[in-house]
Protein chains: 4
Amino acid sequence: MKLKRAALNIVIDPDAPIPIYMQIIIQIKGLIASKVLAPGDKLPSVRKLSRQLGVNPNTVARAYQELEREGIIRTTRGIGAFVGKPTLKVSAQQRSEFMSRILDYLFTEAYHLQYSKEELYSMFMQRLEQWNPDKSC
Amino acid sequence: MKLKRAALNIVIDPDAPIPIYMQIIIQIKGLIASKVLAPGDKLPSVRKLSRQLGVNPNTVARAYQELEREGIIRTTRGIGAFVGKPTLKVSAQQRSEFMSRILDYLFTEAYHLQYSKEELYSMFMQRLEQWNPDKSC
Amino acid sequence: MKLKRAALNIVIDPDAPIPIYMQIIIQIKGLIASKVLAPGDKLPSVRKLSRQLGVNPNTVARAYQELEREGIIRTTRGIGAFVGKPTLKVSAQQRSEFMSRILDYLFTEAYHLQYSKEELYSMFMQRLEQWNPDKSC
Amino acid sequence: MKLKRAALNIVIDPDAPIPIYMQIIIQIKGLIASKVLAPGDKLPSVRKLSRQLGVNPNTVARAYQELEREGIIRTTRGIGAFVGKPTLKVSAQQRSEFMSRILDYLFTEAYHLQYSKEELYSMFMQRLEQWNPDKSC
DNA sequence: GTGGTCTAGACCACA
DNA sequence: GTGGTCTAGACCACC
């Protein structure tokens, strides 16, 4: 009996306002951040993942290409796609500007959802505590 | 002589990947969250704001429509658009799910940008301290 | 009678080993470098250029997207694509490494084509003299 | 005891966008141009080089085939592959057209990377001075 | 087998 | 009208 690697836990919502290829990108980045995927791991082939998700191979290919451009994965023709080693391709300024924009978004939405200072703080801290960016899984 | 309210501080980047109407929405929500706009304040008319931003009136109208759908503003034909009182239109579950998704995004990006726990904590706390959701302006 | 902007002088060789979308990128960059296209100029629409070149609109769209990522052009949905102002998005190191690689290629090919030092020098200088990177056209 | 020739200094980047066999071709042409390999020198066998580079023997074989097609090397079954005498297989017109295309590319990229006339000149001259196409090694 | 490119044609979001 | 996304399916280059 053949051993099968577990399929990646990715869910696509074709009706979401955000494009499918972007959903794939975000979720793969999430799987890496949560250590489900580690540097060197092989990603499913374009065709395989497209079958699994029920989308067109082109759509998965596009997601992989964007991930490669961001330096998140490496792909080699005839071989496959692999999770890359974490390397920073952006300047310190871009890095903090980008994070700043996300925090803008977070606080604005928190306001409109009427979060209190305490509620937001505790929600954030709970996540932060179980967040281990550097410890190996 | 007519008294003129200062123009809203909204900046449009026509080259951004995110649509102009969305940029308007985000920034109006941001102005409300930062207390520049308070409940009951009159928003500029569609025509006026479109002239100020140099965009098509349709684009501003679309932004106002979406804001009204979210319950952020109220518009009355022939009168104008006004900032609404903060009222929650979503269930407690939706509220926390939505916030959770934003935090997912925050931590995932923080990971790929190689933020340390400490760095992320201090960046968040700095923002939290100067955030006053309930105090009246 | 309607005034028609002259079509861009772009030639596609579908049999070339280099992809069509890349041929389009290279030639548009060439047209900008040679001042045929200046910052602010409107590029033909995706559909129009695809008809002119006899290729699929997707292929042109891909070329435009890559050019936008390189910061060479700006595109806005519903409006069109425009030549951007020259701005450098790469580090000094990347810049000189990239140029160095092109020179490697130049000298290696020159060797195998048996160019003499003098011949190569005069060919280069002839081009350099008529090269005006900053003078406005 | 057997005398061993030093291994060729060839570096493969499996993640580069350009195919591996092409990387081999370019670097062998470079080694010849820089006189590390001279006419008559024996190239490593396909198997040996493939082991050294950690790539598939087919990939090295393909590189050798293309080099032979270009007249750069000669291969004899059962004997091995040897660097050929420099012989021009192209017409004068093809030769100058090809060089012209490389210069097009050079100047276009220099423009977009915002090289000045002086900077480009000095970069070129520096390379030209240490370039000795005809002197025997 | 792998990923890369291209076509044909569709629908959507935007201005 | 514009560009953006997606599907269906094809062929190629590479390993």
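In what follows, chains carry the letters A, B, and so on, assigned in the order in which the sequence lines appear, proteins first and then strands, with residues in each chain numbered from 1. Note that the coordinates shown come from a computational prediction; the quantities given were computed from them, not determined experimentally.
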Side chain to side chain contact (heavy atoms under 4.5 Å, CB included) partners for D:A33, two or more places apart: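 Per chain and number, D:A33 pairs via side chain to side chain contact (heavy atoms under 4.5 Å, CB included) with C:T108, C:Y111, C:H112.
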Going by salt bridge (charged side-chain N to carboxylate O under 4.0 Å, His left out), name the residues that satisfy it together with [X], two or more places apart in sequence or in a different chain.
{"X": "A:R69", "answer": "A:E66"}
{"X": "B:R51", "answer": "none"}
{"X": "A:R47", "answer": "none"}

Non-hydrogen side-chain atoms of A:L67 and A:I28 separated by less than 4.5 Å: yes
Heavy-atom contact window of chain A on DNA chain F, given 5' to 3' at under 4.0 Å: F:dT5 to F:dC15
Qualifying residues under side chain to side chain donor-acceptor pair (under 3.5 Å), relative to C:S100, sequence neighbours excluded: D:R127
Residues in side chain to side chain donor-acceptor pair (under 3.5 Å) contact with A:T75, at least two apart in sequence or another chain: A:E68
Salt bridge (Lys or Arg N to Asp or Glu O under 4.0 Å) contacts touching residues 73-88 of chain A (sequence neighbours left out):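 As it turns out, the salt bridge (Lys or Arg N to Asp or Glu O under 4.0 Å) pairs with a partner in residues 73-88 of chain A, which skip direct neighbours, are A:R74-D:D15.
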Pairs where residues 17-32 of chain C contributes a residue and the test side-chain hydrogen bond (donor to acceptor under 3.5 Å, both in side chains) is met, not counting sequence neighbours: C:Y21-C:R62, C:K29-C:E70, C:K29-D:E109
Minimum-distance pair of heavy atoms, taken over all atoms of A:M99 and B:L113: SD-CD1, 4.3 Å
For A:F98, the option from A:Q94, A:R101, A:R95 that meets side-chain contact (heavy atoms from CB on, under 4.5 Å): A:R101
Sorted by number, the residues of residues 52-71 of chain B with heavy-atom contact under 4.0 Å to DNA chain E: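 Close to the strand are B:N56, B:T59, B:R62.
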Near-strand residues of residues 9-31 of chain C, defined as heavy-atom separation under 4.0 angstrom from DNA chain F: none
Watson-Crick or G-U stems involving DNA chain E, each at least 3 pairs long, distances under 3.5 Å, ordered by first number: E:1-14 with F:1-14
Nearest-0.5 Å distance that lies between atom CD1 in B:I25 and atom CD1 in B:I72: 9.5 Å
